Protein chains: 2
Amino acid sequence: MDKKSVETQELIIRAAKKVFAKKGLAGARMQEIADEAGINKAMLHYYYRSKDGLFEHVFQEAVIKLLRPVAAFLADDSELFQKIRNLCRHYYSVLSEYPFLPNFVMNEVNMAPERLLKMMEIEGFVEAKENTVQKINEAIQNGVIRSIDPRDLILNIVSLCVFPFVSKPLTEKLLFAGEDVDELLKNRADRVADFIIASIKLK
Amino acid sequence: MDKKSVETQELIIRAAKKVFAKKGLAGARMQEIADEAGINKAMLHYYYRSKDGLFEHVFQEAVIKLLRPVAAFLADDSELFQKIRNLCRHYYSVLSEYPFLPNFVMNEVNMAPERLLKMMEIEGFVEAKENTVQKINEAIQNGVIRSIDPRDLILNIVSLCVFPFVSKPLTEKLLFAGEDVDELLKNRADRVADFIIASIKLK
DNA sequence: ATTTTTTTTAACCAAGTGGTTAAATATTAT
DNA sequence: ATAATATTTAACCACTTGGTTAAAAAAAAT
């Protein structure tokens, strides 16, 4: 395996991520990806047969990166409140590094929902979910938290973690006009966890 | 003004909404919009000069529909908890009718952020926001709710209302596999409002 | 009735797109 | 050194796309 070879492939992937994230599959141009990578257009097809092939590669990585925190949360065997804190921190650290991820994934899934099915070998997901639902129900019966639909709670947690990044282009112009949004998002993880726990905890 | 004329224009707009929402600006095809509307491609250019012209029309309507509830919430002079309930209900009723809206707007804003600036005459937004921030701060000082950054609270509310629709394509395959997501989302408005209030209310 | 507007049809164009190819050159591995 | 691989260049192709046009037909307004 050549050294230059893998280096070039990395350049391509990095550039493809950037362009696809901003323009989407339909809006991205192969020439733009090549320019962004500082290499020739022919090389794109040399390593990745087609635009779709390149996209598939990038998209798969994005989905995994976005869903791994949830899977980890669901599988985590800590105490419930600690699980929630872990997920919030994990999500915020991942999304601070890749703020484009949620928008990119959501949008492309919306464009072609069947694409997601191709990567549902992210299994263990369903079982882990059932496990967490159980755990939440136990917490309710033990009087640790108030009564709430476990799926509702999970959706609330994910919403609070992910949406601020999805909506950043909007909020930074409307809600946070003139302020440093990144700075505001920085320590949000713990505040969000507190917000959730405050809502469900029985004192 | 002809009767048939406006009817056709409505057909076009309805079709354009549908196609743009699913495929985005770059992914949408004029021919597909024409087919969807059941009319000829030439008519699209007859009434709306260009693809961009047609998109602008549809997009502007979408942004307004998406932001009006927030603006209304911010301007609402009811008591805080009632304001929150109003916003949740309002959002859920709008988004149940147009579930595609958030994803569409978020994505296109992400693609070309400058597009949003063109429609920032949705003013009164900033002033209304300041008004609500004040109101939240008063509620804190009066011991009605616990201490919280008002902008954080607003972002939380919007996150909980909007994200479930943005993520529907994902959640219905991962979190709610096999269940009726629309049914689950139906009565969520009040549950979400309760969730928020439970988190901030000082009993 | 006739004038004006709307709609269809269908061919057409220029530009941009993803993708290919072949030959020359540079790089790396043996 | 030599063979194998990686890279560049640049021309090229088939196809799709947004958009135009002109003429005929249909519908509506006067």
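Quick note on labels: first sequence line is chain A, next is B, and so on, each numbered from 1. The model shown is predicted, which means the values in this text are computed figures rather than measured ones.
Taking atom CD of residue Glu7(B) and atom C1' of nucleotide dT7(C), one finds them 13 Å apart after rounding to whole Å. Between the P atom of dG19(C) and the CZ atom of Phe55(A) lies a distance of 13 Å, rounded to the nearest Å. dT20(C) atom P lies 16 Å from atom OH of Tyr48(A), rounded to whole Å. Atom NZ in Lys51(A) sits roughly 9 Å away from atom P in dT17(C) (whole-Å rounding). One interatomic measurement links the two molecules: NE2 of His45(A) to P of dT20(C), which rounds to 6 Å at whole-angstrom precision. What separates CD of Glu10(A) from P of dT7(D) is a distance of 12 Å, to the nearest Å. Separating the CE atom of Met43(A) from the C1' atom of dT20(C) is a distance of 15 Å, rounded to the nearest angstrom.
Not one side-chain nitrogen or oxygen of Tyr46(B) sits closer than 4.0 Å to the OP1 or OP2 atom of dT7(C). At dT7(C), one or more side-chain N or O atoms of Thr8(B) fall inside 4.0 Å of OP1 or OP2 (strictly under the cut-off).
Distances were taken from every side-chain heavy atom of Tyr47(A) (C-beta onward) to each of dT20(C), dT7(D), dT6(C); the shortest belongs to dT7(D). Among the nucleotides dT7(D), dT8(C), dG18(C), the one closest to the side chain of Asn40(B) is dT8(C).
Near DNA chain C, meaning a heavy atom under 4.0 Å from it, residues 23-39 of chain B has Ile39(B) in order of number.
Side-chain atoms of Arg191(B) and Asn156(A) include no donor-acceptor pair closer than 3.5 Å.
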Determine all donor-acceptor pairs shorter than 3.5 Å in which one atom belongs to a side chain in residues 159-168 of chain A; sequence neighbours excluded.
{"unit_1": "Ser159(A)", "atom_1": "OG", "unit_2": "Leu155(A)", "atom_2": "O", "d": "2.7"}
{"unit_1": "Ser167(A)", "atom_1": "OG", "unit_2": "Phe163(A)", "atom_2": "O", "d": "3.0"}
{"unit_1": "Lys168(A)", "atom_1": "NZ", "unit_2": "Asp182(A)", "atom_2": "OD1", "d": "2.9"}

Using a 3.5 Å cut-off and no angle test, enumerate the donor-acceptor pairs between side-chain atoms of residues 25-35 of chain B and protein atoms at least two apart in sequence or in another chain.
{"unit_1": "Arg29(B)", "atom_1": "NH1", "unit_2": "Ala26(B)", "atom_2": "O", "d": "3.3"}
{"unit_1": "Gln31(B)", "atom_1": "NE2", "unit_2": "Asp35(B)", "atom_2": "OD1", "d": "3.0"}
{"unit_1": "Glu32(B)", "atom_1": "OE1", "unit_2": "Lys23(B)", "atom_2": "NZ", "d": "3.0"}
{"unit_1": "Glu32(B)", "atom_1": "OE2", "unit_2": "Lys23(B)", "atom_2": "NZ", "d": "3.1"}

For DNA chain C, the dot-bracket notation using Watson-Crick and G-U wobble pairs below 3.5 Å, [ ] for pseudoknot-type crossings and | for other-strand pairs, is |||||.||||||||||||||||||.|||||
Please enumerate all protein N or O atoms sitting under 3.5 Å from an N or O of nucleotides 22-25 of chain C, with distances to 0.1 Å.
none

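For Lys201(B), there are no salt bridge (charged side-chain N to carboxylate O under 4.0 Å, His left out) partners at least two apart in sequence or on another chain. Not counting sequence neighbours, the partners of Arg89(B) by the salt bridge (charged side-chain N to carboxylate O under 4.0 Å, His left out) test are Asp190(B). Residues that satisfy the side chain to side chain donor-acceptor pair (under 3.5 Å) test with Ser199(A), not counting sequence neighbours, are Arg146(A). Residues satisfying the side chain to side chain donor-acceptor pair (under 3.5 Å) criterion with Asn137(B), sequence neighbours excluded, are absent altogether. When the salt bridge (charged side-chain N to carboxylate O under 4.0 Å, His left out) test is applied to Lys135(A), the partners found at least two apart in sequence or on another chain are Asp77(A). The salt bridge (charged side-chain N to carboxylate O under 4.0 Å, His left out) test applied to Arg151(B) returns Glu179(A), Asp149(B), not counting sequence neighbours.
With hydrogens and angles disregarded, a donor-acceptor distance shorter than 3.5 Å links the side chain of Tyr91(B) to the backbone of Leu66(B). No donor-acceptor distance shorter than 3.5 angstrom exists from the side chain of Asn142(B) to the backbone of Val144(B), with no hydrogens or angles considered.
Residue pairs meeting the ring pair (Phe, Tyr, Trp, His ring centres under 6.0 Å) criterion with at least one partner in residues 6-28 of chain B, sequence neighbours excluded, are Phe20(B)-Phe55(B).
In terms of polar N and O atoms assigned as donor or acceptor, the side chain of Lys41(B) comes within less than 3.5 Å of the base of dG19(D) in a complementary pairing.
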